[in-house]
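Some notes on the structure that comes next.
Just so you know, these numbers come straight off a predicted model, no measurement behind them. Heavy atoms only: backbone and side chains are in, while hydrogens, waters and symmetry mates are out. Just so we're on the same page: letters track the sequence lines, and every chain starts at 1.
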Amino acid sequence: MKHMKLLKLCCLLLYLCLWSSVYAQHKDYSGIVTGDDGTPLIGVSVLVKNTTNGTVTDIDGKFTIHAVAGDYLVFSYVGYETVEIQLTNKEILAISMNEQSVYLNEMVVVGYGQMKKSDLTAAIASVKSEDLIKTSITSIDQGLQGRAAGVVVTNISGQPGAGTSIRIRGTSSVMGTNEPLYVIDGIPVINGGASSGAMHSPPLNPMALMNPNDVESIEVLKDASATAIYGARGANGVILVTTKRGNKGKVRTSINAYYGLQTIAKEIDMLNAEQLAILGNEATDNANIGRKLIFADLNNLRKRSTDWQNEIFRTAPIQNYELAFSGGSDKSVYFLSTNFFSQDGIILGSDYKKGSLRFNLDQELSDRIKIGNTMNVSYSQSNGVVTNYESAIASSITSWAQEMNPRLPVRNPDGTYVYENNLSNPAVGNPVQDANTYEQLNKTLRMTGNIYADLLIVNGLNFKTSIGIDYYNVKDLSFAPVNIKRGEASEGIATVGQADGYTWVWENTLSYNKTFADKHSVNGVAAITSQKYETTPVFVSRAGIEDGRLGYHSIQEGSKIQLANTGYSSWQMLSYLARVNYGYDSRYLFTLTGRIDGSSKFGANNKYGFFPSTAFAWRVSEEAFMKEQRTIDNLKVRLSYGLVGNEGILPYSSMGLLQGTEAYIGTSLIIKGQAPYTLGNQDLKWETTAQFNIGFDIGIYKGRYSLSADYYIKKTKDLLLTVPTESHIGYDVAMQNVGNLENKGFDFTFNAAPIDNSKLKWESNLTFGLNRNKVTNLPGNENGISGISIMGINYWTKVMEGKPVGTIYGYKTNGVAQLGEDLTKIIFFPGRTISYGDRKYVNKEGTSDVLNEDDLFELGNANPDFTYGWNNTFSLKMGQNKGTVNLNLYLQGVQGNSIANFNLFSFESFDGQKNNSTAALKRWTPEYPTNDYPRANASPMSNVFSDHQVEDGSYLRIKDITLSYDFPMNLTRKFMCNALQVYISAKNVHTFTKYSGYDPEVSRFGQNNLSMGADYGSYPVPKLYMLGLKMNF
Amino acid sequence: MKRTYLYLSIWILLAGIFSACSDFLDEEAKGSQVDKNYYKTEADALAATDAIYSYLISDADAYNLWSYHFGGLFFNDFWELPELMSDNAVSKQSSPEYQSIDKFQIDAYSIRVACLWRDFYTTINVCNTVIAKVPEISFTDEIKKNQLIAEAKFFRALCYFELTRFFGDVPLHTGPTESVSATQISRTPVDQIYPVILEDLDFAEKHLKYEDRLGYGRPYALSASALLARVYLTLGQKMKNNTYLQNAVEKAEAVIPVFPMGSYEDLFKLENRFKGERIWEVNFNASLSQGWKGNQFLVRLLPKMNTEKGGPNNAHGWVAATDDLYNSFEPADKRRDITLFKSFTYTDGSVETFDAPYFCKYWDRIAEPKGNESNATFPYLRTAEMYLIKAEALNEISQNPTKAAKDALNAVRHRAGLGDTPANNYADFKKAVLAERRKEFAMEGHRWHDLVRMCTLEEIKELVGVAKPGVVPREANYLFPIPNNDIIISNGRLTQNEGY
């Protein structure tokens, strides 16, 4: 009995103990989290360490969580230093979080790793997501324009989905590629038009298939120390794109949507019907030819004129919707996003639609093993019009609109389209009919992704293996029915092209990170990577399609086989790389990298190359003597030197290839043959660029003002050139490594926060880049290497020793032959006679007495003198619970480049055979003896390219004005979200330029270096006004 | 630590795997043949030889109409340049390229000349490839093997012959180009080139006898003989060598009986291709082609007419005849209206008169009423020339028109509906042969070569002065200029012809 009582007591005590221990174990801890200025922080993740037990702070910064004394609570919040506290019995907590010293502790992605910005020895520009999306209309590379010093981004065309051409620190190659290497989440992706060759417009941009809002940051690696780790592909710089990953804690949802309208920024002033008739009559009179009947009745012509440009341009909508989820627990984080984008083009009949889906996951399997993936799938569909394409007669739809006789209506009284122009033979077709009837469809599917596994071997030593894949499948379909002008010669023609390609990359990386004795920090990386690319394009075209109703869906209706081709291209790379970073006391930093690249593209004698680099940085601000003053809180001096390569040529260039031929015997026998096509070169190797960089970074007043500046010299040797050969050897060109070129320049980035108080904030960023390019050696090519011929003119640009790539050459005008001059004394072209009112040209001293290619002068350079971007953001807090108003103003400009405006040959033909611009009103007549423009002439001589067609392409553009309003917390709560922003925005608002064409930012030949700066039949870049909203939950 | 070793050894193993895959970096051009792996079998030899015919009409970029490398030798200006640079034809295009040829003001920058030079040499390289590689291939039939080599030699000789006629001394390549440095040679004197030409044609004469590969655009053994006749005549006249002239006569006589002349009217009809008088012709075909491989005769030569009323399509009228050429035909000459026309009657009866006489010789109006791309072949060698070679050579040997010479000349005249030639002495007869050639071969690429071979500069100036008043040929015009590009690239190793 006594035992029973004791037992009961014990049980009771035990029970009480247990109960109280249980009770004591799980308590409600609550508190408030504030920033260092006392304001409550909302949405801070509060997690019990090593569990999934977590919550977030509410709009008052308060939280409550069930935990046990002795547990660790982890508070984490973007932009703030993570706080960890150990729970005691105290149940009410007050947590204060400090903003991260963003500047110094910012992590920057470098090749094969990440480093703190303060530890960098290399020249790297970093662009954050918020800045990128402001001007990434269709693709992320547009967003880089003017944001990174020394990086020149040019939109090739305004066609929806078109790409850009990017130059980092100048043009380093002539025949090899000049585009930087794009590495997306560690995968070197396929750049350059992923195209089947069937479209007659610039190839679509693979970067467009990424959703700009998925991007966390972009790093541009500029100097050799940063790019040498990419070895044979680092010579043009490297663009590292990192996409968003999840975060621990509660799921964050974000919604972004915008809707906008685009319009053409500028139209060219063309003549009206009456003015053209007067010009036409004058032209035929001057050529002693009978007048055209269509120009006879001036009274009638006065009545109506069609504005053909207006007919093909339209106001076009653009819209974008996206949804993203980011969340995770202690062990795994994920990011999931989906996006739909649609842009109609400002030219009729063109548009671009895209949908994409992304899933990024990081999962810890144990405390040593982590796995993860990145995956993006996008699909786009685009209808195009013909631009940037030339054949014997004008082919671009913008050229057609400019040539059309304003007297002609778009449609006949019976409703059918007017078929073609009536001013000349051959004539261009009705551009409205062409835009609406000619079909040109592109469908692209792209999948980019990787999976990785990361093993922690011992403390500080990691092994990571990752396999990345970039796959695309492009299909181009086009059809020109027999009843439109474009289909006339071939009697209806359909083409179908398809190209699928993939690249896989397998990387195995070992990385080591340790600090010894608190003073010596060592960080090392070693890796082996292999990569393969393969594509198999198919191309079919048939002409003679009488019944056009089925179009390209039934290409077999075509009676004439034009082409049925398949192809194959592949290359492989195998590389070994290593990098060591050593820092002494965080003051002296050294970096050494080396990479061995083997590429299948090079000749058997030269398959491997070695690319080393070294860098040193001195953090002056960490020295004892600097710690005494308070103004300068960061000062670093950097020095680097290294070798990088460029292997961007087509595969099989080192081999002597044969080509299939076709000929005919008798009336019906086709004989096929194989003939020598290219001259092999077993010594072919990559181009090598040696780059030296010196720079400094300085920050004052706690980083409110900072400046980063670099000076560099890049010398490229063994340029890959298809060198013109003496044609008697049976080949016009041979691919060889000859030649040197040089780029020198400097770039700087200046960041300032001049006003930063509790009410108003003003941040300003300025980037500036200046580059000078020169070909220092071009053996065997004293006459230069010509660029691509436009309108029969092949002398307008040449690559010449002693001059920059992109130099423009032509004749120099010398006024106009006026009445009273002695025509026999004027030196002119052989076989031609000069009349009064014709342009005169300068005959160079010491050359023959006729005008020929010895009389060409250097007229300008397609490279700019300098480029810049200036961004200003103003934020005004409207008061307690009244939200914030922001204004963003972004200017971007390019200065000192020349443009070869080939459109002028059409606008100023003065022959009455096409419509001309209002410059025709200033033409020479005996009564108006100008020296600027020649006379009207119905049979003029062929085009002479001169300084009259070379214009200053400098411009300053207001790229973005955005006014936005951030709703205050009390209102956002009504929408059940954490943050809500609405904005209106205007892009490409105004361009200050002297250029007479549609847009000074054009490139007829896209990324081709041999023909930079030409404008002919390009699709202009539009102005855009939009309305949008962003919500975060 | 064990685990560390495990991981490290995995990594080392991977490194090992990769370095073992040394052929991972080998290139495999699955889409093209590679010269190292080709020329091994009979089929390869056939393909290599058949490639020559493609280069006669198109070049490396045969599917890109606007490419500089689209057209081949006979597609481009080969047959047009000697007519423009003479008293036969004028250029109706405003471009200085053709105007300068028309007015004897040609210069080294001319793109037409550069294309001509290039067209010859790309064809020569293809021929040289066959001549070098085919002998090493084993064939079941030696006759077939020699046939292929003979075809290549025929065309190589043709190209070098024409090159020397146009340019004088030219670089001589007898093997295929393997590298740039190996081919940096100078202009070879013509005396060293002629033996190669003659040897090649002798070989061709002997070995063009494989039945399945004769005619229809491929040369016969007698085609080589006919070309030899032309070569011997040219060399004989140039060097005043009677042996060569005698050889020319013999070769011509060997050919004449086998290829009888028919009516001039029928000669250019499409249905008479590969027959009769045609000894060797260049075969074009618009309908079978992938891309554009019809010839350009009608596009260049026919004037622009009203297509709706029955005129031909895509006619540009880039070249017209001189009035002098038109007037040089006697009224009874059947050839005048077959060669030239001054007006055209449409289907509705209306008549369009042109601003100049135009060449309609190649237009078979019944077979190809719409003109444009034509299937007509280019008659490079035909019997009428054999007669006229015989006449010229015999006159030259005897310094007097022998009966045989007169018979030869008259054969051509009779066919054209004319009577016997009145010429009775050396000089008159020579002029008569020259004049006959002009009328017989208008727009067949002979005129300028005839003027150079048979006339002094004064005589040429006089003839051209009548047809094209104000145009004055120069001494330099006896040869075409070497393309400036090649001279500049060679850094002076290649010299220019005098006067350019």
Point to revise | chain A contact via B:Phe104 - side chain, backbone, both or neither, heavy atoms under 4.5 Å | key: neither

Review point. What part of A:Gln659 lies closer than 4.5 angstrom to a heavy atom of chain B: side chain, backbone, both or neither?
Key: side chain

Exercise for review: Pick one of side chain, backbone, both or neither for A:Thr667, based on which atoms fall under 4.5 Å of a heavy atom in chain B.
Suggested key: both

Exercise for review: Check whether B:Ile57 gets within reach of chain A through its side chain, its backbone, both or neither, counting any heavy atom under 4.5 Å.
Suggested key: side chain

Review point. Only one of B:Asp35, B:Asn125, B:Val126 clears side-chain contact (heavy atoms from CB on, under 4.5 Å) with B:Pro176; which?
Key: B:Asn125

Review point. Of all heavy-atom pairs between B:Thr123 and B:Leu56, which one has the smallest distance, and what is that distance?
Key: CG2-CD2, 4.3 Å

Review point. Tell me, side chain or backbone of A:Tyr677 under 4.5 Å from chain B's heavy atoms, or both, or neither?
Key: side chain

Contacts table for residues 531-543 of chain A: side-chain donor-acceptor under 3.5 angstrom, sequence neighbours left out:
from	atom 1	to	atom 2	distance (Å)
A:Gln531	OE1	A:Arg233	NH1	3.0
A:Gln531	OE1	A:Arg233	NH2	3.3
A:Gln531	NE2	A:Pro188	O	3.3
A:Gln531	NE2	A:Thr503	OG1	2.9
A:Tyr533	OH	A:Tyr472	OH	3.0
A:Glu534	OE1	A:Tyr502	OH	3.4
A:Glu534	OE2	A:Tyr568	OH	2.8
A:Thr535	OG1	A:Asp500	O	2.9
A:Thr536	OG1	A:Asp500	OD1	3.0
A:Arg542	NH1	A:Gly558	O	2.9

Check your understanding: Of all of A:Ser848, A:Gly567, A:Gly598, which one pairs up most often with chain B through heavy atoms under 4.5 Å apart?
Key -> A:Gly598

Point to revise | Contacting moiety of B:Tyr39, where chain A heavy atoms sit under 4.5 Å | key: side chain

Check your understanding: Checking A:Asn681 against chain B: side chain, backbone, both or neither under 4.5 Å from a heavy atom?
Key -> neither

Check your understanding: Is it the side chain or the backbone of B:Tyr53 that comes within 4.5 Å of chain A heavy atoms, both, or neither?
Key -> both

**Study point:** Interface residue of largest heavy-atom contact number with chain B, from A:Ser727, A:Gly730, A:Ala663, under 4.5 Å
**Key:** A:Ser727

**Study point:** B:Arg187 portion near chain A, given a 4.5 angstrom heavy-atom threshold
**Key:** neither

Check your understanding: Can you tell if the side chain of A:Ile596 reaches within under 4.5 Å of the side chain of A:Leu577, non-hydrogen atoms only?
Key -> no

Check your understanding: Of the backbone (N, CA, C, O) and the side chain (C-beta and beyond), which part of A:Leu657 lies under 4.5 Å from a heavy atom of chain B, both, or neither?
Key -> both

Check your understanding: Is there a side-chain contact between A:Ile671 and A:Leu669, using heavy atoms and a 4.5 Å cut-off?
Key -> yes

Review point. Once the angle between the rings of B:His173 and A:His728 is folded into 0 to 90°, is it parallel (under 30°), tilted (30 to 60°) or perpendicular (over 60°)?
Key: parallel

Review point. Out of curiosity, A:Phe602 CZ to A:Ser654 OG, how far, rounded to the nearest 0.5 Å?
Key: 9.0 Å

**Study point:** Part of B:Leu494 within contact of chain A (heavy atom distance under 4.5 Å)
**Key:** side chain

Review point. Roughly how far, to the nearest 0.5 Å, is CG of B:Asp212 from CD1 of A:Ile665?
Key: 12.0 Å

**Study point:** Within-4.5 Å side-chain heavy-atom neighbours: A:Leu456 and A:Ile369
**Key:** no

Review point. What part of B:Glu178 lies closer than 4.5 angstrom to a heavy atom of chain A: side chain, backbone, both or neither?
Key: backbone

Exercise for review: Among B:Ser490, B:Ala114, B:Ser91, single out the residue with the greatest number of heavy-atom pairs under 4.5 Å to chain A.
Suggested key: B:Ser490

Exercise for review: For B:Arg213, enumerate each residue passing the salt bridge (charged side-chain N to carboxylate O under 4.0 Å, His left out) test, keeping only those at least two apart in sequence or located in another chain.
Suggested key: B:Asp50, B:Glu151

Practice item. Against chain B, work out which of A:Thr661, A:Thr725, A:Thr566 has the most heavy-atom pairs shorter than 4.5 Å and name it. Key: A:Thr661

